[in-house]
Amino acid sequence: MRAQSDDGLLLPVPDEDGAPFWEYAARGELRVQSCADCGELRFPPRPCCPRCQSFADSWERMSGRGRIWSYVLPHPPLLPAYAEQAPYNAVLVELSEAPGIRLAGNVVAAPDAALDSVDPGKLRIGAPVKAVFHEMAPGTTVPRWLLERP
């Protein structure tokens with residue numbers, strides 16, 4: 001199933017395991033699922049801990065800081081709504097306190113800025129970023145990233 005915002009951008013479709021991630025994002029919190037028994041952080045969320053096979057989980061608040069682990073400037077964008085914002089970036093951010101956890105998103109100039117609001121020349125692997133939150137549609141808030149040293 002593919003959900004789109006009014007402007008044609010793709011919206012996340014939460015499943016049962018990932019629903020808490022999106023609920024916390026709507027509150028402006030970046031949280032990652034962890035095992036309530038062994039403490040292993042995991043993303044994407046899933047029902048069973050890969051380390052100890054426990055089904056008990058909790059959601060740990062992260063600082064929202066990380067580093068660009070990888071990025072791409074999609075050419076050409078596949079959907080018309082994205083073509084209108086090209087060139088934009090798609091990044092993987094590795095969280096500071098959870099080096100094995102990488103979240104996808106976009107680096108933007110401000111939480112509600114367009115996807116093309118950051119000059120692609122300012123992006124580099126390892127650049128420090130911090131999470132901000134953007135309401136894409138009613139009931140759908142996504143994390144985005146700001147460069148810490150623009």
Side-chain angles (χ1 to χ4, degrees), residues 1-74 77-82 85 88-118 120 123-149:
M1 174 164 79
R2 187 168 82 179
Q4 293 181 324
S5 65
D6 291 340
D7 56 6
L9 300 180
L10 296 177
L11 296 172
V13 179
D15 61 11
E16 183 179 337
D17 296 317
F21 176 85
W22 301 108
E23 292 164 11
Y24 287 117
R27 295 186 222 162
E29 296 179 23
L30 185 62
R31 292 193 180 232
V32 171
Q33 188 185 46
S34 72
C35 178
D37 290 331
C38 76
E40 178 81 3
L41 293 173
R42 60 187 188 248
F43 195 88
R46 49 196 174 269
C48 181
C49 175
R51 179 195 276 170
C52 74
Q53 287 71 54
S54 170
F55 285 91
D57 67 29
S58 63
W59 287 83
E60 302 298 319
R61 189 170 190 163
M62 301 286 110
S63 69
R65 290 194 153 46
R67 296 199 175 276
I68 295 175
W69 187 80
S70 184
Y71 71 94
V72 65
L73 304 171
L78 298 176
L79 298 173
Y82 289 89
Q85 296 195 51
Y88 61 92
N89 61 76
V91 299
L92 282 179
V93 171
E94 187 169 65
L95 299 180
S96 294
E97 60 268 271
I101 305 281
R102 297 180 190 118
L103 303 179
N106 307 97
V107 175
V108 291
D112 296 327
L115 296 181
D116 64 352
S117 62
V118 170
L123 300 177
R124 64 178 174 74
I125 303 298
V129 293
K130 65 179 178 178
V132 293
F133 297 89
H134 168 69
E135 187 176 33
M136 288 185 70
T140 304
T141 299
V142 297
R144 290 176 154 193
W145 306 94
L146 300 178
L147 290 169
E148 292 230 66
R149 290 179 237 132

Supply the atom-to-atom distance [X] [atom1] to [Y] [atom2], rounded to the nearest 0.5 angstrom.
X	Y	atom1	atom2	value
R27	F133	CZ	CZ	11.5 Å
S34	R42	OG	CZ	7.5 Å
L10	T140	CG	OG1	12.0 Å
R65	E148	CZ	CD	4.0 Å
L147	I68	CG	CD1	5.5 Å
L92	W145	CG	CH2	10.5 Å

Item to check | Qualifying ring pair (Phe, Tyr, Trp, His ring centres under 6.0 Å) pairs with a residue from residues 96-118, counting only residues at least two apart or across chains | outcome: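 Listed once each, the pairs would be none.
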
Checklist entry - Excluding sequence neighbours, so at least two apart, what forms side-chain hydrogen bond (donor to acceptor under 3.5 Å, both in side chains) with R61? => result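 Once residues adjacent in sequence are excluded, R61 has no partner under the side-chain hydrogen bond (donor to acceptor under 3.5 Å, both in side chains) criterion.
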
Does the side chain of [X] reach to within under 4.5 Å of the side chain of [Y], using non-hydrogen atoms?
X	Y	value
T141	E135	yes
L41	Q33	no
P120	N89	no
L30	L103	yes
V108	L146	yes

Checklist entry - Out of C48, S58, C49, which residue meets the side chain to side chain contact (heavy atoms under 4.5 Å, CB included) rule with C35? => result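 Per the side chain to side chain contact (heavy atoms under 4.5 Å, CB included) rule, the option paired with C35 is C49, out of C48, S58, C49.
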
Next on the checklist: With side-chain contact (heavy atoms from CB on, under 4.5 Å) as the criterion, how do E60 and V32 come out once you've worked through the C-alpha distance, each side chain's angles and the decisive distance to 0.1 Å?
Outcome noted: CA-CA 5 Å; E60 302 298 319; V32 171; 5.6 Å; no

Checklist entry - Looking only at heavy atoms, what is the nearest atom pair of A113 and R144, with distance? => result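 Of all heavy-atom pairs spanning A113 and R144, the closest is O-NH1, 2.6 Å.
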
Checklist entry - Which atom names give the shortest non-hydrogen contact between A81 and D7, and what distance separates them? => result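 Between these two residues, the closest heavy atoms are CB-O, 3.1 Å.
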
Next on the checklist: Determine whether Q4 and L79 satisfy the following criterion, side-chain contact (heavy atoms from CB on, under 4.5 Å), listing intermediate values before the conclusion.
Outcome noted: CA-CA 11 Å; Q4 293 181 324; L79 298 173; 4.2 Å; yes

Checklist entry - Can you pull the side chain to side chain donor-acceptor pair (under 3.5 Å) pairs that have at least one residue in residues 97-115, sequence neighbours excluded? => result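 For residues 97-115, and leaving out neighbouring residues, the side chain to side chain donor-acceptor pair (under 3.5 Å) pairs sorted by first residue read S63-E97, E94-R102, D112-H134.
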
Checklist entry - Got a sec, which residues hit salt bridge (Lys or Arg N to Asp or Glu O under 4.0 Å) with R46, two or more places apart in sequence or on another chain? => result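 Partners of R46 by the salt bridge (Lys or Arg N to Asp or Glu O under 4.0 Å) criterion come out as none, since no residue qualifies.
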
Next on the checklist: The criterion is ring pair (Phe, Tyr, Trp, His ring centres under 6.0 Å); which residues satisfy it with Y88, sequence neighbours excluded?
Outcome noted: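 Testing Y88 for ring pair (Phe, Tyr, Trp, His ring centres under 6.0 Å), a comparison that skips the adjacent residues, returns Y82.
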
For residues 13-24, please give each side-chain donor-acceptor pair under 3.5 Å, one per line with the distance, not counting sequence neighbours.
| unit_1 | atom_1 | unit_2 | atom_2 | d |
| --- | --- | --- | --- | --- |
| D15 | OD1 | D17 | N | 3.3 |
| D15 | OD1 | G18 | N | 2.7 |

Checklist entry - Would you find a donor on one side and an acceptor on the other, under 3.5 Å apart, between the side chain of Q85 and the backbone of L115? => result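 Yes; judged by distance alone, with no hydrogens or angles, the pair exists.
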
